[in-house]
Amino acid sequence: MALVRGGWLWRQSSILRRWKRNWFALWLDGTLGYYHDETAQDEEDRVLIHFNVRDIKIGPECHDVQPPEGRSRDGLLTVNLREGGRLHLCAETKDDALAWKTALLEANSTPVRVYSPYQDYYEVVPPNAHEATYVRSYYGPPYAGKSPACP
């Protein structure tokens, strides 16, 4: 699955309210994963953004959260989810926070469709499709040479 946006953000834990720096990846299927580093191999958790965001507040609109030490309030993002959860994030700059807000709102409202040339139509990509394995049927010999069955 294609990456829509990736980058470092600070994330506030829900229990102890400590800030931790994670690599975030917003995938085309509408999931937002956060990882230990930019290789995006060791996932800590993920949030389904697609049709799940109620609203996003940035900067001074985030009244109930303090930014990480040494960071500006302008970089804050609060993502309020429909199921009642909240995700408190902090970007390096106000522009980064605005770019993340725009990407998340677009991922929330836009159905993702992929064109299938074999069936000649666009199909909706399901959530968590970035973990899917696609197996393509192959018509023809397994390699360019002659098949052992052919004389």
Side-chain angles (χ1 to χ4, degrees), residues 1-68 71-140 142-143:
M1 184 53 51
L3 180 68
V4 174
R5 181 167 179 79
W8 290 101
L9 292 171
W10 292 87
R11 176 185 57 87
Q12 189 179 54
S13 68
S14 57
I15 298 172
L16 298 176
R17 302 284 184 219
R18 293 185 181 157
W19 287 98
K20 182 178 179 185
R21 194 166 182 244
N22 288 107
W23 177 263
F24 279 77
L26 178 60
W27 299 100
L28 187 61
D29 68 349
T31 56
L32 178 68
Y34 44 100
Y35 307 87
H36 293 288
D37 58 34
E38 61 272 343
T39 62
Q41 296 296 316
D42 191 14
E43 184 178 73
E44 282 193 36
D45 203 358
R46 82 178 68 147
V47 177
L48 179 61
I49 296 298
H50 191 59
F51 296 128
N52 196 22
V53 174
R54 194 176 63 220
D55 70 348
I56 300 175
K57 298 183 184 306
I58 63 169
E61 299 172 334
C62 305
H63 301 291
D64 58 342
V65 64
Q66 292 298 317
R71 302 286 171 227
S72 170
R73 176 171 281 288
D74 290 337
L76 287 174
L77 291 110
T78 297
V79 181
N80 294 307
L81 302 172
R82 292 194 194 283
E83 68 229 14
R86 295 168 118 190
L87 189 60
H88 296 293
L89 305 171
C90 187
E92 295 296 322
T93 66
K94 181 179 181 178
D95 288 342
D96 282 345
L98 186 57
W100 274 104
K101 177 180 179 177
T102 302
L104 292 170
L105 287 174
E106 189 171 312
N108 179 52
S109 62
T110 307
V112 179
R113 299 180 188 276
V114 175
Y115 180 71
S116 171
Y118 299 106
Q119 278 119 22
D120 194 29
Y121 71 93
Y122 287 88
E123 55 189 352
V124 175
V125 175
N128 296 327
H130 66 279
E131 292 186 338
T133 302
Y134 295 94
V135 178
R136 182 175 81 79
S137 296
Y138 181 72
Y139 301 101
Y143 56 87

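- Nearest heavy atoms, Trp8 versus Glu38: CZ2-OE1, 2.9 Å.
- In this structure, the separation between CG on Leu9 and CG on Leu89 is 5.5 Å, given to the nearest 0.5 Å.
- In this structure, the side chain of Glu61 engages the main chain of Ile58 through a donor-acceptor pair within 3.5 Å.
- The two residues Leu26 and Trp100 make their nearest non-hydrogen contact at CB-CZ3, 4.2 Å.
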So Asn22 and Glu44, side-chain contact (heavy atoms from CB on, under 4.5 Å) or not? Walk me through it.
CA-CA 9 Å; Asn22 288 107; Glu44 282 193 36; 2.8 Å; yes
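- Between the CG atom of Asp45 and the OH atom of Tyr34 there is a distance of 4.0 Å, given to the nearest 0.5 Å.
- The nearest pair of heavy atoms linking Leu76 to Pro67 is CD2-CA, 3.8 Å.
- Taking both residues in full, the closest heavy atoms of His50 and Asp29 are given as CB-O, 3.9 Å, listed atom of the first, atom of the second, then distance.
- In this structure, CZ in Arg73 is found 7.0 Å from SG in Cys62, a value given to the nearest 0.5 Å.
- A salt bridge does not link Lys94 with Asp96: every distance from a Lys NZ or Arg NE/NH1/NH2 to an Asp or Glu carboxylate oxygen is 4.0 Å or more.
- Thr31 places no side-chain N or O within 3.5 Å of a backbone atom of Trp27 that could act as its donor or acceptor partner.
- Residues Phe51 and Ser109 share a closest heavy-atom pair of CE2-O, 3.9 Å.
- With rounding to the nearest 0.5 Å, the separation of SG in Cys90 from CZ in Arg71 is 7.0 Å.
- Of the options Val79, Asn80, Leu87, a side-chain contact (heavy atoms from CB on, under 4.5 Å) to Val53 is made by Val79 and by none of the others.
- Minimum interatomic distance between Ala97 and Ala91 (heavy atoms only, all atoms of both residues): N-CB, 3.6 Å.
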Test side chain to side chain donor-acceptor pair (under 3.5 Å) on Thr39 and Asp37; report intermediate values, then the result.
CA-CA 6 Å; Thr39 62; Asp37 58 34; 2.4 Å; yes
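- Put simply, the side chain of Asp74 reaches to within 4.5 Å of the side chain of Pro60, judged on heavy atoms.
- The side chain to side chain contact (heavy atoms under 4.5 Å, CB included) check on Asp42 picks up His36, with sequence neighbours excluded.
- Note: Arg86 CZ to Arg54 CZ = 8.0 Å, rounded to the nearest 0.5 Å.
- Under the side chain to side chain contact (heavy atoms under 4.5 Å, CB included) criterion, Glu83 pairs with Asn52, Leu81, not counting sequence neighbours.
- A cation-pi geometry, defined here as NZ or CZ lying under 6.0 Å from the six-membered ring centre and within 45° of its normal, does not hold between Arg11 and Trp19.
- Annotation: salt bridge (Lys or Arg N to Asp or Glu O under 4.0 Å) contacts of Lys101 (sequence neighbours excluded): none.
- Atom CZ of Arg17 has more than 12 neighbouring heavy atoms from other residues, nucleotides or ligands inside a 6.0 Å radius.
- To the nearest 0.5 Å, atom OG1 of residue Thr78 and atom CD of residue Gln12 are 8.5 Å apart.
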